[in-house]
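Heads up, the thing below is written out as structure tokens.
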Amino acid sequence: MDRSEYTIEYFKEKGFVRKECKKCGSGFWTRDTDREVCGDAPCETYSFIGKPIFKEKNADEIRESFLAFFESHGHTRLKRYPVVARWRDDLYLNIASIANFQPFVTSGKVPPPANPLVISQPCIRLEDLELIGKSGRHLTTFEMMGHHAFNKRGAEEIYWKNDTVRYCDEYLKQLGVDMDSVTYKEAPWMGGGNAGPCLEVVTGGLELATLVFMDLELTQNSGDTNIDGQWYRKMDTYIVDTGYGLERFVWASKGTPTVYDAIFPEMINELLTLAGREHPLKSHSEQILEIARLCGVMKKKEIVKKLNISSDFVKTVIEPIESVYAVADHTRCLAFMLADGIVPSNAKEGYLARLVLRRTFRMLKSLKIDTPLEELVISHIKLLHHSFPELEQYVDRISEILSLEKTRYEETLTKGERIVRQKAKESKAKGKMPLDTLINLYDTHGIPPEFAVEIAAESGGDVAVDVPEDFYSQVAKMHAEEKKGEADPFVHSLKERTKSIPQTLKLYYDKPTAAEFDATVLDAFDNFVVLDKTLFYPEGGGQPADTGFLTPVSGEDNLKVVDVMNVDGVILHKIAGAANRIDKGASVRGSIDYQRRMAHTRHHSATHIVIWAARKVLGGHVWQAGAQKGEDKSRLDITHFKRISDAESSEIEMLANKMVMRNEVIGVHVEDKNEAEKKYGFCLYQGGVPPSKEIRIVRIGEDEDVQACAGTHCSKTGDVGPIKLLRTERIQDGIERLWYSAGEAAVRAVQAREELIKKSAAVLRVPQEKLPATVERFFEEWKQLKKENESLRDEIAELRVGWLKGCARAISGLNVIAEILPDVDTKGLLKMASQLSEENFLTILMSKKGNRASVVSSVPANQKDSISASEVVKRVCEVLGGGGGGTPGIAQGGGDKVANIEEALLAGLRVVEAKSL
RNA sequence: GGGCUCGUAGCUCAGUGGAAGAGUGCCUCCUUCGCGAGGAGGAAGCCACGGGUUCAAAUCCCGUCGAGUCCA
């Protein structure tokens, strides 16, 4: 990156000098002319530990001072966004304050909610999960305080580099930081397809803030700037993206050994008390502080070596406190995740929540703390009361989810214990459990390798279990072969093609009940027709496209519309056959398949009603995870932490139908996106986030349900007609799918079910209400008869055995019974043959049933070496045109050449004769 | 979104193509003053469901339903 990017007026003005770090080579700006290193770890140790940088402040004080400072400099203060990034399809969790404004605000499509603005955004990053508690500075959850200015080229500039640096300098000064110790380190930033110059603000060895000047976007092969082999070009917008680490500031003001001791000391004390331990800072103060200072510079392992710390000390003092730190951190993370509506699951963001909570369970176990996790999380929520009172609203739900998760995890482990024992047994011969097995245990059954080690040791310990250090990354690597979904080149080419065509007037919004319209052809290419206005609804929001016809006013040629697409506001009618039959400027009459459209409309409104009812019955954590509307039925996927019971499903259905009967108005209006978000919250975006400045809002009643939605809707809930819940299924852990029909389709669905019952009752000749009892009786009787049948067959077989003995003939000293019996199945033949062979007869028994002949042969135990039943059967079956096999003692087979049955028996006898000679 | 595993007696699970099994619980009898315990016998299975391959499927293949788990 060009050095001129960092030539900032403010630096000159205040007498800063640019230097290059003697250790890492990075450029940095400082007031201290004697300084030689950039000041950042690992070039410098944590000098602030035990020696705070400024006057002690807690998190609330820092946050308020920051927000107030920027407010007094013309910034608008914003409330926090959720930690679940529901408005992003490329992220699960909110990882930075700027993430709130990506991608539409940063790209310039949607104006920012305020400009400039300031926010303190709780963020969650799980990349360094393994380091939490160990490194002394990593947190899963942190608050990124940020002030942002969104500038557009050609428009008046809000502010850019100079003011950003000045604000930072002045804010630090206000806190009382020694300004000679502050360095601004040059560090080009990139992420999420954007990049730009960046200054890291460092003091006391600690990076406190990052000032990013985002003005580049990723391009294909060439551009203005090359960073790490990637080309970038200047954007139309240029954005001030700053991140001040709230926790870092608190830490710097307290100078505690770790960031954890600074942020949640109360939680740490509570956990230490529960574990019956005391903070090592009390007993080993010198060692702990020394370790803490080195933490920024080197890894724990290296520190242990350098300071010559005994492994006993690591095990009994360091590791337990690290677990305490991690648990304190994780309880805060879980509080935000669960309060903001994440449902633990085995996919997507739910999986991340489960990852964190299972890790916490493991650490609690190692600390021998048996207090339920939900109590600890609630404890942490109480500590956060002042800053985040909203978390308290959800303690009931959080409790239920966590205790459920605990039960689930325990079940997984109990099951796992058996599996590990068995696998240990299997690997006994090798004396060592193969890595494959270990990976399989974790990947397939969720058994962490540490647990496998424990179990294997408990159960004898004659199988060694070695866990490689990079175990988890090896697992991750196995899954790494993923192909990323590329942007559809076809859609892209359509976008290029339609760029210059004016936006289509959307009649389906203005006249939702119309079926016909007149329009003018603006363009026709391939098999697409573009009109100046249309009634045809394009596919979107889970609602399928309309179908119908376009009829040119001059000419009889009807064009069948098979699909409709919205490409950046231009609506494309895809027709059957080529579009060159129609001329630009021609007038056409369009007609849509009205029945089909109405069915979609009803189902779309029904979907809003059903999700409203589901939220009422199941709770506010319910979130739409996908939906598809159809003509006959629709489906809606929602997040929920357990199976929906029959009672709950009935209640949802009843509530939905009550909403229909209330006949509330379904209102539609267009509103400024930022205004709407302020008014209704992110609940709006059940079906995704529209990329526009203004959004279409669909409201049921007095804000009973409010959603951003582009679909067609009934004007009153009564028009939806009956809503019938057809079934629920669990498509994934944590996601339930509801199937339902609305309007005429609902009536048809009920009728179809009634028909089933009617027909079933007719077959059994009983009244419908007797059906369950009768079916049960029949099933029981059927089982009874099956048993009786079997015992009768046994009896017949026994009788036949007596008779068969009389048919024995001697062949070369063997008692041979070779007979064809009427209508016996293979099982019956087997029974007889095995009994006869026990009494020293060699048998070949055959029978035909339908168009299939079967054979069983048995050989007495003392003859098995000289003659094999299996060979006899094979020969017989050859003649029967089939195959067979078994053991030397008893074998079975068959074939479909029933006519050859006698010949086959003789062939079998010849095998016996030949062998016994 | 992608991958892996599992579904067999009330329960916990063996069984990898040739007759449906074990442990535990249940029932009956014996032993005992009684309980605990011991002994003998017995009942209990749509091998999740639907197709396919095969002479033959709990077992192999495909689909459906249900459960578990890992990764992005």
Side-chain angles (χ1 to χ4, degrees), chain A residues 89-93 126-127 345-352 354-355 358 408-409 411-419 421-423 425 436 439-449 471-485 625-626 642-643 727-735 737 778-780 782-787 790 793-794 797 825-835 837 846-858 869-870 873-874 876-898 904:
Chain A
D89 52 11
D90 54 341
L91 278 181
Y92 294 125
L93 299 171
L126 301 180
E127 289 84 15
S345 145
N346 53 12
K348 300 188 176 175
E349 69 273 5
Y351 170 69
L352 299 176
R354 187 167 280 171
L355 191 71
R358 291 201 167 179
R408 282 191 187 142
Y409 190 47
E411 270 167 21
T412 296
L413 289 187
T414 326
K415 233 181 195 167
E417 213 174 308
R418 275 194 302 269
I419 300 171
R421 290 229 168 84
Q422 198 193 326
K423 295 279 180 197
K425 229 196 229 161
D436 283 4
I439 290 180
N440 178 265
L441 281 172
Y442 179 64
D443 201 31
T444 304
H445 305 287
I447 303 159
F471 179 83
Y472 290 98
S473 50
Q474 283 204 37
V475 173
K477 219 160 94 191
M478 275 178 23
H479 295 274
E481 297 158 18
E482 286 270 339
K483 18 179 180 124
K484 280 272 177 214
K642 55 186 179 190
R643 288 306 307 259
R727 59 181 300 217
T728 65
E729 58 184 331
R730 205 184 77 140
I731 59 163
Q732 235 176 41
D733 195 10
I735 297 183
R737 174 167 291 175
F778 269 77
F779 187 54
E780 290 305 316
W782 171 78
K783 284 200 277 189
Q784 196 60 40
L785 287 172
K786 211 174 91 161
K787 264 178 260 169
E790 203 166 322
R793 275 164 194 275
D794 284 354
D825 58 9
T826 311
K827 220 160 136 188
L829 294 178
L830 273 164
K831 260 182 192 146
M832 289 181 249
S834 79
Q835 196 178 334
S837 68
M846 299 187 69
S847 182
K848 55 179 172 181
K849 215 174 177 185
N851 56 358
R852 188 155 285 173
S854 47
V855 57
V856 171
S857 172
S858 65
S870 169
V873 163
K874 276 190 179 127
V876 173
C877 292
E878 235 174 85
V879 182
L880 286 176
T887 64
I890 194 156
Q892 61 220 265
D896 54 7
K897 291 186 184 164
V898 183

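Chain letters run A, B, ... following the sequence lines, proteins first, then strands; residues in each count from 1. Computed over heavy atoms, backbone and side chain alike; hydrogens, waters and symmetry mates excluded.
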Between Ile419(A) (CD1) and rA14(B) (P), how many Å, whole number?
9 Å
Rounded to the Å, how far apart are Leu352(A) CG and rC70(B) C1'?
12 Å
Distance in angstrom units between Ile731(A) CD1 and rA67(B) C1', rounded:
15 Å
If you compare every side-chain N and O of Arg354(A) against the phosphate oxygens of rC70(B) (OP1, OP2), does one of them come in below 4.0 Å?
no
Please give, in whole Å, the distance from rG68(B) P to Leu355(A) CG?
18 Å
Closest nucleotide among rG66(B), rG45(B), rG68(B) to the Lys783(A) side chain
rG45(B)
Taking for Thr887(A) and for Arg358(A) the nucleotide of RNA chain B with the nearest heavy atom, the one nearer the 5' end belongs to Thr887(A)
Nearest-angstrom distance from the residue atom NZ of Lys423(A) to C1' of rC4(B):
12 Å
Under 4.0 angstrom, heavy atoms only, what part of the nucleic acid is Glu729(A) near: base, sugar-phosphate, or nothing?
sugar-phosphate
For rA56(B), which nucleotide in any strand shown is its Watson-Crick or wobble partner with both distances under 3.5 Å?
none
By nearest atom, which of the nucleotides rG1(B), rU5(B), rC70(B) is closest to the Asn346(A) side chain?
rC70(B)
The contact string for nucleotides 6-12 of chain B, one letter per nucleotide 5' to 3', using protein heavy atoms under 4.0 Å with B, S and - for base, sugar-phosphate only and none, comes out as ------S
Check: Ser870(A) side chain, Thr887(A) main-chain N or O, donor-acceptor pair, under 3.5 Å:
no
Passes side chain to side chain contact (heavy atoms under 4.5 Å, CB included), Ile890(A) versus Ser837(A)? Steps please.
CA-CA 9 Å; Ile890(A) 194 156; Ser837(A) 68; 5.7 Å; no
Between Pro448(A) and Tyr409(A), the two heavy atoms sitting closest are CG-OH, 4.2 Å
Write down the distance separating the P atoms in rC35(B) and rA22(B), rounded off to the nearest Å.
29 Å
Which is true for Lys787(A) with a 4.0 Å heavy-atom rule: it touches a base, it touches only sugar-phosphate, or it touches nothing?
sugar-phosphate
When you get a sec, tell me which of rC70(B), rA72(B), rA20(B) is the closest nucleotide to the side chain of Tyr442(A)?
rC70(B)
Between rU69(B) and Asp443(A), counting only base atoms on the nucleotide and side-chain atoms on the residue, is there a donor-acceptor pair under 3.5 Å?
no
Distance between C1' atoms of rU5(B) and rG38(B) (Å, rounded):
42 Å
Counting any heavy atom closer than 4.0 Å, what does Glu878(A) reach on the DNA or RNA strands: base, sugar-phosphate only, or nothing?
nothing
Strictly under 4.0 angstrom, non-hydrogen atoms only: write out the protein contact profile of nucleotides 54-63 of chain B, one letter per nucleotide from the 5' end, B, S or -.
-BS-------
Whole angstroms only, please: what is the NZ-C1' distance between Lys786(A) and rC46(B)?
6 Å
With C1' as the reference atom in both, quote the distance from rA57(B) to rU16(B) in angstrom, rounded to an integer.
11 Å
Heavy-atom closest contact (Cys877(A) atom, Gly883(A) atom, distance):
SG-O, 3.5 Å
Reckon Ser834(A) touches a base, only the sugar-phosphate, or nothing at all at heavy-atom distances under 4.0 Å?
base
Nearest-nucleotide comparison on RNA chain B, the residue closer to the 5′ end among Gln835(A) and Gln422(A):
Gln422(A)
Atom CG of Asn440(A) to atom P of rG3(B): distance rounded to whole Å?
17 Å
Any strand is fair game: report the nucleotide pairing with rG63(B) by Watson-Crick or G-U wobble, both distances under 3.5 Å, or none.
rC49(B)
I need the CZ-P distance between Arg730(A) and rA67(B), as an integer number of Å.
5 Å
Walk me through whether Arg408(A) and Glu411(A) qualify under salt bridge (Lys or Arg N to Asp or Glu O under 4.0 Å).
CA-CA 5 Å; Arg408(A) 282 191 187 142; Glu411(A) 270 167 21; over 6 Å; no
Can you name the nearest heavy-atom pair linking Val898(A) to Ala853(A), along with the distance?
CG2-N, 4.3 Å
Thr444(A) side chain to Leu441(A) main-chain N or O, any donor-acceptor pair under 3.5 Å?
no
Given His445(A), which partner from the list Leu413(A), Thr412(A), Ile419(A) fulfils the side chain to side chain contact (heavy atoms under 4.5 Å, CB included) test?
Ile419(A)
Taking the same atom, P, in rG66(B) and in rG52(B), what whole-Å distance lies between them?
24 Å
Phosphate oxygens OP1/OP2 of rU69(B): is one of them under 4.0 Å from a side-chain N or O of Thr412(A)?
yes
Which heavy atom in Ala347(A) sits nearest to a heavy atom in Gln732(A), and how many Å separate them?
CB-OE1, 3.3 Å
For rU12(B), what is the paired nucleotide under Watson-Crick or G-U wobble rules, both distances under 3.5 Å?
rA22(B)
Using 4.0 Å as the upper bound for N to carboxylate O, is an ion pair formed by Lys787(A) and Glu790(A)?
no
Considering all heavy atoms of both residues, which atom of Gly416(A) and which atom of Ile447(A) are nearest to each other, and what is their separation?
CA-CD1, 3.4 Å
Checking base pairs now: Watson-Crick or wobble, both atom distances under 3.5 Å. What partners rU69(B)?
rG3(B)
Under 4.0 Å, counting only non-hydrogen atoms across every strand here, what does Tyr409(A) touch: a base, just sugar-phosphate, or nothing?
nothing
Where is the tightest heavy-atom contact between Ala833(A) and Val856(A), given as atom of each residue plus distance?
CB-CG1, 3.6 Å
Nearest-angstrom distance, P atom, rA37(B) to rC27(B):
14 Å
For atom P, what is the distance between rU53(B) and rG15(B), given to the nearest Å?
28 Å
Considering only atom C1', compute the distance from rA9(B) to rA43(B) and round it to an integer number of Å.
11 Å
Between rG50(B) and rU28(B) - C1' atom distance, rounded Å:
41 Å
In the structure shown, which nucleotide is the Watson-Crick or G-U wobble counterpart of rC29(B), with both distances under 3.5 Å?
rG39(B)
Charged N to carboxylate O under 4.0 angstrom, Arg421(A) versus Glu417(A)?
yes
Under 4.0 Å, heavy atoms only, any strand: does Lys348(A) hit a base, just the sugar-phosphate, or nothing?
base
